[in-house]
Peer 1: 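Structure provided below as structure tokens; questions to follow.
What you are looking at is a predicted structure, and each value in this text was computed from that prediction instead of being measured. Below, each value reflects all heavy atoms present in this structure, side chains not excepted, and no hydrogens, waters or symmetry copies. Residue numbers begin at 1 in each chain, while the letters A, B, ... track the order of the sequences.
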There are 2 protein chains.
Amino acid sequence: MLYPQEFDVIVVGGGHAGTEAALAAARMGCATLLLTHNIETLGQMSCNPSIGGIGKGHLVKEVDALGGAMAIATDEGGIQFRILNSSKGPAVRATRAQADRVLYKAAIRRRLENQPNLWLFQQAVDDLMVEGDRVVGAVTQVGIRFRSRTVVLTAGTFLDGKIHVGLNNYSAGRAGDPPAVSLSARLKELKLPQGRLKTGTPPRLDGRSIDWSKCTEQPGDGMPAADGTPPSTPLPVFSFMGSAALHPRQISCWITHTNERTHEIIRSGFDRSPMFTGKIEGVGPRYCPSVEDKINRFADKDSHQIFLEPEGLSTHEVYPNGISTSLPFDIQYALVRSMPGLENAHILRPGYAIEYDYFDPRSLKSSFETQQIAGLFFAGQINGTTGYEEAAAQGLFAGINAALQCRGEGAWLPARDQAYLGVLVDDLVTQGVTEPYRMFTSRAEFRLQLREDNADMRLTETGRRLGLVDDARWDAFSRKRDAVSRETERLKSTWVNPKLLSVEEGERVLGKAIEHEHNLFDLLRRPGVSYPALVGMNGGAFVDNAVSRETLGELAAPVIEQVEIAAKYSGYIDRQKAEVERAAHYEHLKLPADIDYLKVTSLSFEARQKLARHRPETLGQASRISGITPASISLLLIHLKKGG
Amino acid sequence: MLYPQEFDVIVVGGGHAGTEAALAAARMGCATLLLTHNIETLGQMSCNPSIGGIGKGHLVKEVDALGGAMAIATDEGGIQFRILNSSKGPAVRATRAQADRVLYKAAIRRRLENQPNLWLFQQAVDDLMVEGDRVVGAVTQVGIRFRSRTVVLTAGTFLDGKIHVGLNNYSAGRAGDPPAVSLSARLKELKLPQGRLKTGTPPRLDGRSIDWSKCTEQPGDGMPAADGTPPSTPLPVFSFMGSAALHPRQISCWITHTNERTHEIIRSGFDRSPMFTGKIEGVGPRYCPSVEDKINRFADKDSHQIFLEPEGLSTHEVYPNGISTSLPFDIQYALVRSMPGLENAHILRPGYAIEYDYFDPRSLKSSFETQQIAGLFFAGQINGTTGYEEAAAQGLFAGINAALQCRGEGAWLPARDQAYLGVLVDDLVTQGVTEPYRMFTSRAEFRLQLREDNADMRLTETGRRLGLVDDARWDAFSRKRDAVSRETERLKSTWVNPKLLSVEEGERVLGKAIEHEHNLFDLLRRPGVSYPALVGMNGGAFVDNAVSRETLGELAAPVIEQVEIAAKYSGYIDRQKAEVERAAHYEHLKLPADIDYLKVTSLSFEARQKLARHRPETLGQASRISGITPASISLLLIHLKKGG
Ligand SMILES: Cc1cc2nc3c(=O)[nH]c(=O)nc-3n(C[C@H](O)[C@H](O)[C@H](O)COP(=O)(O)OP(=O)(O)OC[C@H]3O[C@@H](n4cnc5c(N)ncnc54)[C@H](O)[C@@H]3O)c2cc1C
Ligand SMILES: Cc1cc2nc3c(=O)[nH]c(=O)nc-3n(C[C@H](O)[C@H](O)[C@H](O)COP(=O)(O)OP(=O)(O)OC[C@H]3O[C@@H](n4cnc5c(N)ncnc54)[C@H](O)[C@@H]3O)c2cc1C
């Protein structure tokens, strides 16, 4: 049957990529259909019950700045929040939250069900409809044909998914969920370049069987310490539109650790490990290794910390973060019980690894449209990444670009100096992956300016222009932006006369008395000078009520934070900006579509081959292909200037 | 791997049967393991989001009286309650509730997670461990072998499950869930007599796309009427331990109806119906027919009522009760949109039928242990029944008997005059099924005494003896039971002297003045005499504070109800009791295990064959085998009296 309604965008898959893709396209006014295996698993967290972390938190804030769901759903489902790296510079500070699985899923589903322009339909997609070199829809398991102008595929770990526990394995999309076998076969027929990757998850424990007294309590930020000391920091909030009042009850995590006996047990299972015996072909995430990988690679380490993370407020289930494994179950059982507090721990669900199809992201355009099939976009785990946040960011991105294509507009391509999303997309399409890709701050050469705290400043205006940002967010954002620039201007134009500042006051606040006139902004740049102390000088002489909590409410603290960061880091940021500008020329220099790299004889043969294979769109992309040296780039530039 | 811990009872499957079985065995002190596909789907309602109804509500109250979870979970998840048949006699009155799927599942999971002696483990069971003719455990998909003394199998619709939509079909346990294929194959090897049945479910609708103004509102009991009139009845409560305070927000259902066009559309799909074209071999439930079945069988009816039932408080999803169908999706789409209010209705999930393996319950002992394999019990949909309530009741029953076997005690076999559970079990093991079996009050020959209101009186003492009933329930029950018998005694021993009752008062309360002494109990038997009016005679002269709300709290109303019913129905009940006693002799008369029916030549050949096939344990069972006439029973009795 051909379904009577035609859609602009069909999103296949209701995971983190699919839900953000569908929400984004619908927010942009496209008639959007989300097709997924099971409405009950919309927004399901396949593995760890937590969102954010360094690099990942940055992505979540960017998704949020563009009106996405992940951050606010975490505010509604988060049972423990922490600011990681809080003692370090703001660029690497990141939010991480434990989420109650049930509440998180409910928050996502509620948004999907209430999004105008968005229709949900439960059923596996077995096939794509392709006419010529264009996708025109998707076909479900019972033969319903849905027509659309674009399709965003976000099938996660489901394509020909295979679960491994020891030397046993079986087909599944995730424990308890069926795999997508027909669609995988169909995509193979379409000859999209693909491979296999794998990821893993730890066994889950019954909290009732854990002896907590042998573990170390780890409360979240904004919670009283384990000894009852009141919190010194406020409860973190993820979304720009969130607030601590949205958070459910906050609870602690716990820490235990592996020991020599644990490691011996693990080693004793190596001969039945599907990874070490070659049963698994797919490559796993180096940065999220299984516990057997860690023991194997870091043989000298005699203990690893294991975080015992509660899976929710209404369950005793516990996620032992750090022992992801596909070892045989008898090894899992023994290794768990070798750790302090877990001597009698009951395993509720075994750990496992899953192997699945992914598609080489180098065959995607920068918009995430496949090069082979017009209108077909890929996002999430199937592009070779791992992690909810990476998936959500890609989903949002692909949803936006599918919607733009429907509108007849060009793709939106955030630059590497604008967003982690830009870094993610660019890394994927130019460098591809050799193992599941995850985000780190170290991947962003412009990380000083790609901070969590300014994600809104970097992206919300774009989001508004694209149609992703609703009025409420836009109003709040505009108030913040305006307050920041007004206050920055005020600080810059407010001069402090040394005659009017007593030596004592100068020493107290600024470290030493000033000798000539300074504006407040310059004074704020000094190390150790805080905004409150500065404006509080001379009994509050420099306070402006326009940036008070009374005037700005919840926005007051973020506004002051922005002003402070702008002052303190402006030196570094300016220096980085100069670098960015210098690089920008190359960065955006378009490479001719018809260039025949193999004929650019000035380049090494390897460089010619790599460029011919990847066909970068800009010189910036070319420069990041692994194996393409700065020297090759110069030679290529000379070649182009000569008129190619 | 052989799992180190050995269990008394392993329950396979976490549906309605499995969860009650596991809870019951654990309550009885047995080390119990619940193995299921997916912890997230524990207690999932596969089809309609409602619990109870006539016959079914009776089962739920019985499960509750034995300490089970279904009634109290419904109290916690129920968003609309009704007392059906409220104007009819108490025997056929029944409670029915719409439940919020998410809240219901959470209530069940919470009980499972907090039940002492119960362990949960997520993984498909692929095999049973059998030694000689005894089951000794279960083996999961990745080869973990769990040893146990008994196994209760409750695999629902999952065994070799096959979903049909039109002429398309695919393997699944339920939409979105994987089937149990390996276990099905293994059970076939064990040569347990089995067959195929089918059941179906309607498409689900997006409430946002329904025009409610064209539908008729149907509020629940205890809710204001559609026009705002305050409720005349209290909010019903399901569990003996429940209260209306546990209920979440209450909401209305809505009614629309099919019309001639709907019926035409349906008929136009007959040639692609998997039922009518023979694609489905399994027989469906006659009493829960698909809409195509209804249109086919009742061709003269030109409209059917369709109830639009909300699936929960946090979703717009709507269950259209009455259009279960496996017609092709284009027909589903058109038939939905042909109904008033549904002109633009968006289908969220297609309707479908599912075919699955069931086992002939006639090869079960009365305890639900299989005759072929000692220690292996079957319960729920796999015994050929349909419905959550039938499944829950069987699960509880099998869990009890598995636990009793572990304790070395004989089976608990409720009689047909003691419980619907007795009727259900006896019907199944003696008569088997030719189509999915569901409970009706008409199945119970002793239905006058098998009421919802006295389920506790009938079963809680047994439950306590078996170890199923906790102290809180036992205390409350004992107070109620004692208050009922004290008050009954008081009424029987309180005599009303005609001299002390004025003619006016007699006429007002009793219809006419009394002429000689009567006790209050006898007066209460009179039609139209209510308990409050009776004890209120002569300005409250017969009121006893022991049965007041002040003394008994929530129990006061049920106590008075019991006393009143005992008085009013005692005539009927006594008469029925006499019948029961007369029948009881035959009922419980054990038939010799070694009797060779084929040699009982006084019986017809058909009767001999049927008896030989079914091998009933008692004469009562024999009498209910279809085709065994009362005459055959007399002949058999004569044969037995002659000494076989
Ligand atoms: C076992 C396991 C371990 C993991 N470990 C980690 C880890 O350690 N660290 C980490 O960061 N991340 C981990 N992940 C990855 C994380 O779960 C994913 O990165 C993230 O969920 C990807 O999101 P997604 O939206 O791309 O896909 P998914 O979340 O997998 O969602 C895919 C969705 O598509 C649907 N779908 C698939 N095929 C079809 C079809 N044919 N028709 C209809 N619907 C379809 C599915 O039902 C599902 O809703 C793990 C995942 C798994 C399964
Ligand atoms: C499509 C459909 C329509 C229905 N329509 C109606 C209706 O109209 N009216 C009505 O009264 N009832 C209907 N039902 C029936 C109702 O859902 C069942 O009667 C009831 O759920 C049976 O309960 P159960 O516990 O026996 O099985 P289920 O609820 O099916 O639960 C079975 C459980 O066992 C688990 N399981 C199965 N195999 C394995 C294995 N090998 N290893 C581990 N776990 C396993 C499953 O995951 C599941 O948790 C319908 C069911 C379906 C699927």
Side-chain angles (χ1 to χ4, degrees), chain A residues 1-5 36-41 44 101-102 106 109-110 113-114 116 119-124 126 140-144 163-173 175-179 182 204 206-209 314-317 328-331 333-334 346-350 352, chain B residues 1-5 36-41 44 101-102 106 109-110 113-114 116 119-124 126 140-144 163-173 175-179 182 204 206-209 314-317 328-331 333-334 346-350 352:
Chain A
M1 171 214 189
L2 181 65
Y3 193 80
Q5 183 182 356
T36 192
H37 274 128
N38 192 342
I39 287 181
E40 313 301 329
T41 63
Q44 178 146 316
R101 279 181 193 289
V102 177
R109 180 159 170 193
R110 184 150 38 80
E113 282 203 25
N114 289 292
W119 287 263
L120 306 177
F121 193 81
Q122 167 172 311
Q123 191 144 107
D126 272 5
T140 75
Q141 200 163 27
V142 301
I144 310 170
I163 281 182
H164 295 262
V165 180
L167 302 178
N168 291 287
N169 55 66
Y170 62 94
S171 290
D177 286 312
S182 308
R204 306 298 200 275
D206 184 339
R208 289 185 301 168
S209 61
S314 60
T315 176
H316 296 299
E317 207 168 340
F329 187 75
D330 54 326
I331 303 287
Y333 181 91
H346 173 65
I347 294 180
L348 288 165
R349 323 193 198 210
Y352 65 93
Chain B
M1 173 215 188
L2 182 66
Y3 193 80
Q5 184 182 355
T36 192
H37 274 129
N38 194 341
I39 288 181
E40 313 301 329
T41 62
Q44 178 144 317
R101 279 181 193 289
V102 177
R109 180 158 169 193
R110 183 149 39 79
E113 282 204 23
N114 289 293
W119 286 264
L120 306 177
F121 192 81
Q122 167 172 311
Q123 192 144 110
D126 272 5
T140 75
Q141 201 164 24
V142 300
I144 310 170
I163 282 182
H164 295 263
V165 180
L167 302 179
N168 291 289
N169 56 65
Y170 61 93
S171 290
D177 286 312
S182 308
R204 306 298 199 276
D206 184 340
R208 290 184 300 168
S209 61
S314 59
T315 177
H316 297 299
E317 206 167 342
F329 186 74
D330 54 326
I331 303 289
Y333 181 92
H346 173 67
I347 294 180
L348 288 165
R349 322 192 198 211
Y352 64 92

Peer 1: Taking every heavy-atom pair that is under 4.5 Å apart, which of B:H164, B:R109, B:E317, B:M1 has the most such pairs with chain A?
Peer 2: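 Maximum pair count with chain A is reached by B:M1.
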Peer 1: Side chain, backbone, both or neither: which part of B:H37 has a non-hydrogen atom closer than 4.5 Å to chain A?
Peer 2: backbone
Peer 1: On the 0 to 90° scale, with breaks at 30° and 60°, tag the A:F329-B:Y3 ring pair as parallel, tilted or perpendicular.
Peer 2: parallel
Peer 1: What distance separates B:N168 CG from A:T140 OG1, expressed to the nearest 0.5 Å?
Peer 2: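 It comes to 8.0 Å.
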Peer 1: Taking B:G207, B:A124, B:P178 one by one, which has the highest count of heavy-atom pairs under 4.5 Å against chain A?
Peer 2: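 So the answer, after comparing B:G207, B:A124, B:P178, is B:P178.
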Peer 1: Between CD of A:Q123 and CG of B:L348, what distance do you get to the nearest 0.5 Å?
Peer 2: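 Rounded to the nearest 0.5 Å, the CD-CG separation comes to 12.5 Å.
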Peer 1: Pick one of side chain, backbone, both or neither for B:I144, based on which atoms fall under 4.5 Å of a heavy atom in chain A.
Peer 2: side chain
Peer 1: Taking A:Q5, A:Q141, A:R110 one by one, which has the highest count of heavy-atom pairs under 4.5 Å against chain B?
Peer 2: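 Sorted descending by pairs with chain B, the first entry is A:Q141.
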Peer 1: Given that the side chain runs from C-beta out, which part of B:S209 has a heavy atom under 4.5 Å from chain A: side chain, backbone, both or neither?
Peer 2: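 When you check distances to chain A, no heavy atom of B:S209 falls under 4.5 Å.
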Peer 1: Nearest 0.5 Å, what's the CZ-CD1 distance between B:F121 and A:I347?
Peer 2: 6.5 Å
Peer 1: Has A:R204 got a side-chain atom pairing as donor or acceptor with B:Q122's backbone, closer than 3.5 angstrom?
Peer 2: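 Flag not set: sc A:R204 to bb B:Q122 has no pair under 3.5 Å.
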Peer 1: Taking side chain as everything from C-beta outward and backbone as N, CA, C, O, which of these in B:L167 sits under 4.5 Å from a heavy atom of chain A? Side chain, backbone, both or neither.
Peer 2: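 Contact with chain A: none, neither part.
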Peer 1: Under 3.5 Å, side chain of A:E113 to main-chain N/O of B:T315, donor-acceptor pair present?
Peer 2: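 Side chain of A:E113 to backbone of B:T315: no pair is present.
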Peer 1: Rounded at 0.5 Å granularity, tell me how far CD in A:E40 sits from OG1 in B:T41.
Peer 2: 10.0 Å
Peer 1: Give, as side chain, backbone, both or neither, the part of B:A106 having an atom under 4.5 angstrom from any heavy atom of chain A.
Peer 2: neither
Peer 1: Who pairs with A:T36 by side-chain contact (heavy atoms from CB on, under 4.5 Å), at least two apart in sequence or on another chain?
Peer 2: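 Only A:L42 meet the side-chain contact (heavy atoms from CB on, under 4.5 Å) criterion with A:T36.
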Peer 1: What pairs with B:N169 under side chain to side chain donor-acceptor pair (under 3.5 Å), at least two apart in sequence or on another chain?
Peer 2: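 Residues passing side chain to side chain donor-acceptor pair (under 3.5 Å) with B:N169: none at all.
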Peer 1: Quick one: which of A:V142, A:N38, A:D330 has the most heavy-atom pairs under 4.5 Å with chain B, could you say?
Peer 2: A:V142
Peer 1: Which one, A:P4, A:P328, A:G143, A:G173, leads in non-hydrogen pairs under 4.5 Å with chain B?
Peer 2: A:P4
Peer 1: Between B:Y170, B:W119, B:Y352, which shows the greatest number of heavy-atom pairs under 4.5 Å with chain A?
Peer 2: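 Max contact count across the listed options: B:Y170.
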Peer 1: Which residue out of A:L120, A:V102, A:L2 racks up the most heavy-atom pairs below 4.5 Å with chain B?
Peer 2: A:L120
